**Student:** 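Sharing a structure with you now.
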Number of protein chains: 2
Amino acid sequence: MITLAEENYLKAILKLSKNSENSISTNAIADELETKASSVTDMIKKLTDKQLVDYVPYRGVNLSKSGLNKAIEIVRKHRLWEVFLVTKLQFKWDEVHYIAEQLEHIKSQKLVDALDTYLGYPQHDPHGEPIPNKDGQFPKSFSKRLSELEKGSSGQVVGVSQDNQSFLQYLNSLKITLGTSIRVIQKIDFDNSLEITINNESAHISNDVARNLLIKQK
Amino acid sequence: MITLAEENYLKAILKLSKNSENSISTNAIADELETKASSVTDMIKKLTDKQLVDYVPYRGVNLSKSGLNKAIEIVRKHRLWEVFLVTKLQFKWDEVHYIAEQLEHIKSQKLVDALDTYLGYPQHDPHGEPIPNKDGQFPKSFSKRLSELEKGSSGQVVGVSQDNQSFLQYLNSLKITLGTSIRVIQKIDFDNSLEITINNESAHISNDVARNLLIKQK
DNA sequence: TTTAAAATTTAGGTAAATCTAAAAATTAAA
DNA sequence: TTTAATTTTTAGATTTACCTAAATTTTAAA
């Protein structure tokens, strides 16, 4: 049996793996989970014993095959529950993360499948993030990060690659939501921030924000 | 903050309180939760410190005002989730208990309220058990236990007062479900078992079963 | 009403998941 | 390439929720 804490570690390692080719460092996991490096080392040993990760001391970890499967299953549940909360219970997109963090740990294969069916096999969650299917496959994405767009080009927001409440609320304040049209007016080399237009209103956003906005170009 | 284990203790004490006027004994709780009496004593001390129960050593416990509120809230969540599973996700009534045991611990007042609204403020769960409202009030019940019916009288099954899987599956095998008509043909003094008819087919059931069947007489 | 049985509590211990502080290994800088 | 800084691990504690075994209290029986 896999514990709640173990599930959270697997999920964190998967998330960190998406942004790097290399093994995931102890400190990176500690930062992600807001815990201490020594706690991470402890837990990594447990995950190694259960063959959920491959670990070389001082060199970091990678998810094993079975660890990856488990992690993807948790992401699947998280995102399906988010869809449920927004489409059925009328939650806002910036309210669902905390609740889905709890719901993602409910154990019942039958429940996940029934939920998926009930929701109509959605491919994206309310933040535009892809929902892996029953076999762990992610739907193909045609989006780019806003930070990767050329000066002058434009597109529509189809997702965000982070769903913490403060980020989403900041987007709300910028009047950015799914479907919003954005054009890159100027790229500032100094700090990689961007001058953009949001539905033709101009604004200035940091690289940090631009990196987490997924854009589909026409 | 109240932990998962603490919530399970509160729920167990509430359940046991329904069947007795007296304080709840350590052993009764241990039996209910399939744990040891010494573990129960430990936990009772924690609950006492948090003022969730009133406790007199060697004399048992009772839920305090706030402990009762918490326990009722858990029951409310359990039963609302059961309604969700059966009415929206097409689960059978004997499949939902285990999953609802997990879902009842999800923490979000807003979620419970939204779920209640979404389900149309149901008053009973799929086993006919009453669902307390937002204020902790249980709907009035007009049902009796089958074991309390006189010889010759009859009525319809409107609920069960236990929802473990083996009991519900036994009912399925007897062709008893919500709405089934039952008549008491004979009461056997020796073991308090009953000769009954189920939709006019005769059967013999133990007192244990009869006590857990809720009947509404015409 | 004394004694035996049953129930309950206490004492001491374990595993999971955390922590701090110190030691060891790796990386970067002079 | 030696040293300093950073990262990671180890050692030793803590808290929660359990456990077993022994001691204590209550209840029931003789």
Side-chain angles (χ1 to χ4, degrees), chain A residues 1-13 16-17 19-63 67 70-71 74 101-102 104-105 107, chain B residues 1-17 19-63 67 70-71 74 101-102 104-105 107:
Chain A
M1 257 296 288
I2 180 162
T3 69
L4 192 144
E6 287 167 351
E7 290 195 345
N8 285 330
Y9 272 82
L10 294 179
K11 193 170 54 128
I13 297 168
L16 294 166
S17 300
N19 304 318
S20 91
E21 297 300 295
N22 309 317
S23 293
I24 306 307
S25 75
T26 302
N27 262 356
I29 298 169
D31 281 359
E32 176 66 27
L33 294 176
E34 295 181 67
T35 183
K36 296 299 150 87
S38 56
S39 306
V40 174
T41 304
D42 278 359
M43 180 56 90
I44 284 174
K45 287 179 185 161
K46 285 176 203 158
L47 295 174
T48 304
D49 290 347
K50 294 190 174 184
Q51 304 192 52
L52 293 166
V53 297
D54 300 312
Y55 169 53
V56 182
Y58 294 101
R59 293 266 100 106
V61 285
N62 285 106
L63 290 172
K70 291 265 199 290
I74 299 163
E101 289 273 292
Q102 300 178 64
E104 72 191 6
H105 299 291
K107 282 173 184 57
Chain B
M1 258 297 286
I2 179 162
T3 69
L4 191 144
E6 286 167 352
E7 289 195 346
N8 284 329
Y9 272 82
L10 293 179
K11 193 170 53 128
I13 297 168
L14 175 60
K15 181 174 175 184
L16 295 166
S17 300
N19 305 318
S20 90
E21 297 299 296
N22 309 317
S23 293
I24 306 308
S25 75
T26 302
N27 262 356
I29 298 169
D31 281 359
E32 176 66 26
L33 294 176
E34 296 182 65
T35 183
K36 296 299 150 88
S38 55
S39 305
V40 174
T41 305
D42 277 359
M43 180 56 90
I44 284 173
K45 287 179 185 162
K46 286 176 203 158
L47 295 174
T48 304
D49 290 346
K50 293 190 176 185
Q51 304 192 53
L52 294 166
V53 298
D54 299 312
Y55 169 53
V56 182
Y58 294 100
R59 295 265 100 105
V61 287
N62 285 103
L63 291 172
K70 292 265 200 287
I74 299 163
E101 290 273 291
Q102 299 179 63
E104 73 191 5
H105 300 292
K107 283 174 183 55

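What you see is a predicted model, and the numbers here were worked out from it, not measured in a lab. Just so we're on the same page: letters track the sequence lines, and every chain starts at 1.
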**Student:** Along DNA chain D, 5' to 3', what are the outermost nucleotides having an atom less than 4.0 Å from a heavy atom of chain A?
**Tutor:**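 Endpoints of the contacted stretch of DNA chain D: dT7(D) to dT10(D).
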
**Student:** Please enumerate all residues that pass salt bridge (charged side-chain N to carboxylate O under 4.0 Å, His left out) together with Lys50(A), with sequence neighbours excluded.
**Tutor:**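 So Lys50(A) forms a salt bridge (charged side-chain N to carboxylate O under 4.0 Å, His left out) with Glu6(A).
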
**Student:** Taking NZ from Lys45(A) and P from dA16(C), how many angstroms apart are they, rounded to a whole number?
**Tutor:** 14 Å

**Student:** Name the one of Thr35(A), Leu4(A), Thr3(A), Val53(A) that satisfies side chain to side chain contact (heavy atoms under 4.5 Å, CB included) with Tyr9(A)?
**Tutor:** Thr35(A)

**Student:** Lys15(B): what forms a salt bridge (charged side-chain N to carboxylate O under 4.0 Å, His left out) with it, not counting sequence neighbours?
**Tutor:**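 Checked Lys15(B) against salt bridge (charged side-chain N to carboxylate O under 4.0 Å, His left out); matches are Glu32(B).
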
**Student:** Please give me every residue in residues 32-44 of chain A whose heavy atoms get under 4.0 Å of an atom in DNA chain C, ordered by residue number.
**Tutor:** Thr35(A), Lys36(A), Ser38(A), Ser39(A), Asp42(A), Met43(A)

**Student:** Within the structure provided, determine whether Leu10(A) and Ile2(A) are in side-chain contact (heavy-atom separation under 4.5 Å).
**Tutor:** yes

**Student:** Quick one, Glu101(B) and Lys11(B) - any side-chain contact, counting heavy atoms below 4.5 Å?
**Tutor:**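 Result yes, sub-4.5 Å side-chain heavy-atom pair found.
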
**Student:** Do the non-hydrogen side-chain atoms of Val40(A) and Leu33(A) ever get within less than 4.5 Å of each other?
**Tutor:**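 Sidechains of Leu33(A) and Val40(A): no contact.
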
**Student:** For Asn27(B) and dT8(C), is the shortest distance between a side-chain N/O and OP1 or OP2 below 4.0 Å?
**Tutor:**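 Answer yes for this pair, as a side-chain N or O of Asn27(B) is under 4.0 Å from OP1 or OP2.
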
**Student:** Looking at side-chain heavy atoms only, is the closest gap between His105(B) and Asn8(B) below 4.5 Å?
**Tutor:** yes

**Student:** Should Ile44(A) and Ile29(A) count as side-chain neighbours, where that means a heavy-atom distance under 4.5 Å?
**Tutor:**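 They are in contact (side-chain heavy atoms under 4.5 Å apart), so the answer is yes.
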
**Student:** Could you measure the distance from the CG atom of Leu16(A) to the OG atom of Ser23(A)? Nearest 0.5 Å is fine.
**Tutor:** 12.0 Å

**Student:** Once you round to the nearest 0.5 Å, how far does CG of Leu63(A) lie from CG of Asp54(A)?
**Tutor:**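 Leu63(A) atom CG to Asp54(A) atom CG measures 8.5 Å (nearest 0.5 Å).
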
**Student:** Identify, residue by residue, the members of residues 7-15 of chain B with a heavy atom below 4.0 Å from DNA chain C, and return them in order of residue number, or none.
**Tutor:** none

**Student:** Measuring from atom NZ of Lys36(B) to atom CG of Asp42(B), what distance do you get when rounded to the nearest 0.5 angstrom?
**Tutor:**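 Those atoms lie 13.5 Å apart.
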
**Student:** When rounded to the nearest 0.5 angstrom, what is the spacing between CD1 in Ile24(B) and CG in Asn22(B)?
**Tutor:** 7.5 Å

**Student:** Atom pairs under 3.5 Å, N or O on each side, protein against nucleotides 23-26 of chain C: can you list them with distances?
**Tutor:**
from	atom 1	to	atom 2	distance (Å)
dA25(C)	O4'	Tyr58(A)	OH	3.3
dT26(C)	O3'	Arg59(A)	NH2	2.7

**Student:** Does Tyr55(B) reach the side chain of Thr41(B), with side-chain heavy atoms less than 4.5 Å apart?
**Tutor:**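 Result yes, sub-4.5 Å side-chain heavy-atom pair found.
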
